[in-house]
Amino acid sequence: MKDVTLKKKCRICHSNNLYKFLDLSSMPIPNGFLKKEKLKDQESYYDLACQYCIDCGLVQLTNVVNPEIMFRDYLYIPSTAKMMMNNFSNLVYQANRMHKLSTSSLVADIGSNDGSLLRFFKSFGAKVLGIDPAENLAKIANEQGIPTEPLLFNTKTALKMKQKYGQADIVTATNVIAHIDDLHGVWGGISNFLAEDGLFITEFPYLLDLISKNQFDTIYHEHLSYFSLKPWKKIVEEYGFKIINAERRLIHGGSIRLTHKRRKNKKNKHARNAEYLILLEEKFGLYKPEAFEQFSKRVMGLKDQLLSLLTNLKSKNKKIVGYGAAAKGNVLTNFFGINSKILDFIVDSTPYKHGLFTPGTHIPIYPESKIEEFSPDYLLILAWNFADEIMEKQKKYKKRGGHFIIPIPKVEVI
Ligand code: DWN
C-alpha cells in the first residue's frame, strides 16, 4: 500500500457524493514523537481534511495514511487517568450484566493495545484475547499475561482467530473502529468470530460532541471515521445486527458506547436510546452541510482567539508550558502554529514520552515534576479531556498563582 491514498468513496455506503470541509493543512502523524537525534531528519507530512457523505452522513478523512506507518510500532497507550480506568471497568461491569461472564467465556478485544481493558475482563474469570497490530504493545501485553495476536483485525484474520480460539462470547473495540479503513472487513470479521448470542461492544468519540464542542483537534490521521448513529446503523443492519444499547460517555471529550446483538429478523428494532440519539443528531443539523461550515468557522475563531492570547502573554514575557503530550495536542499546536517559541516545553505523565519531542513542532516533553522547578505562569492544557483531573493534580501550582488555559470547547483562562 502507498504511504497515503485519497479516499474517493464513502467507507460505509460507497457513495462518491462527498462534501469536503475543514482543511487542517498538512501535518505529521499525531503520535509520531521524535527522539532528539531525529529532529533534523525530514518528517513525513500528510494532508488532513474531512469530508461528509451526502448520502449516508458518515464523516471521514479525505486521505488514508498507511496503517503500517501509524500502528506497527505504536507509542500510544491508554493513559492511566482515573476517568479512563473508570470507563473501562464500567464497560466490563455492563457487559457482564448483559452477558454473564464465566471461566468458559472468551472475550476478544480489537485494538487491545497493552491489554488495559482485557485485564478488567480477566478479573471476572473470563478467557481473554487481544488483537492488535502494534508488535511492541502485543509483546508488553503477552508478558503481562494477556494473550495477544499482533494482527490487523479483518474478515480473514477473524477466521484464523475462530479456528485457533473458537468463537468469542464478547468482542470489544474501544477507540479503534474509527482507525480502520476497511469497515466492512471489520464487520465481516465480527460476523464470523462472534458467537450466535454474542455481544459486540464498541466505543468511539461521538461526532455530535466533536462538532457541538469544537473538538477539531480530535481529527487526526489515525481517526479515519467520525461516527454518528445514522450512518453507523446502516452498516450494523447490513451485517444482520441491531443496537441493543446506545450510551453517551464523557471519556475523550464525549464518546458513544454501542452494544450490538444479532437480530432474529429484519423487523427487530434498535434500542429506543439509539433511535432517540438519531433524532438528537437530526435536530442538531448533523445531516446538513451547514453544520460543518459553521463548525469550520468556529475552529478558525478558536485559532485567532488562542493565538492572540498566547502572543499577548509572550509579549509580557510570561512563561507558558503545555500540559499533556496528547495526539490531539499535536494537531492543535501544528494547525495553530504553536511551537517552542510559545511553549517552553510540554509536561506529560507517560514515562516513554519523556525526552522526546512533538512531531512537527519539536517541543520537548518532560515529566510533570518540571512544573515545580520551572514555575510557569500559564499551563496550556492540551489534554483538555482530562482538564479536571489535571487541575486537581496541580492544585499547589494554582495556589502559587499559576493559571490554566483550556483551549476547547472555548478558550478559557482559569
Ligand atoms: O483514539 C485515540 C485516543 C482515544 O487516544 C488514540 N488514537 C490516541 C489517543 O489520543 P490522545 O493522545 O489525545 O489521548 P489521551 O489519552 O487523551 O492523551 C492524554 C495525554 O495526557 C497522555 O499523554 C497522558 C497525559 N496526561 C498527563 O500528562 N497527566 C493525562 C493525565 C490525566 C494527567 O494527569
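Just the heavy atoms: all of them, side chains too, but no hydrogens, waters or symmetry mates, feed the values below. Order of listing sets the numbers, starting from 1, for every ligand and every atom in it. Every value quoted in this text rests on a predicted model; they were computed, and no experiment measured them.
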Within the structure, is a non-hydrogen atom of [X] found at a distance of less than 4.0 Å from ligand 1?
{"X": "Tyr323", "result": "yes"}
{"X": "Met83", "result": "no"}
{"X": "Met84", "result": "no"}
{"X": "Lys82", "result": "no"}

* Does a side-chain N-to-carboxylate-O contact under 4.0 Å join Glu368 and Lys393? -> yes

* Asked: Does Glu43 pair with Lys38 as a salt bridge, N-O distance under 4.0 Å?
  -> no

* Output the list of atoms in ligand 1 that are nearer than 4.0 Å to some heavy atom of Ala383, sorted by atom number. => 19 (C), 21 (O)

* Establish, from distance only, whether the side-chain atoms of His252 and Glu203 form a donor-acceptor pair under 3.5 Å. => no

Let me have the donor-acceptor pairs involving side chains of residues 45-58, under 3.5 Å, with sequence neighbours excluded, atom names and distances please.
unit_1	atom_1	unit_2	atom_2	d
Asp47	OD1	Ser26	OG	3.4
Gln51	NE2	Lys7	O	2.9
Gln51	NE2	Leu61	O	3.2
Tyr52	OH	Tyr287	O	2.8
Asp55	OD1	Asn17	ND2	3.4
Asp55	OD2	Ser15	OG	2.7

* Can you find an N or O of Val347 that's nearer than 3.5 Å to an N or O of ligand 1? -> no

* To do: Decide whether an N or O pair under 3.5 Å exists between Glu222 and ligand 1.
  => yes

* Asked: Can you list the residues that meet the side chain to side chain donor-acceptor pair (under 3.5 Å) rule with Glu282, with sequence neighbours excluded?
  -> Lys230

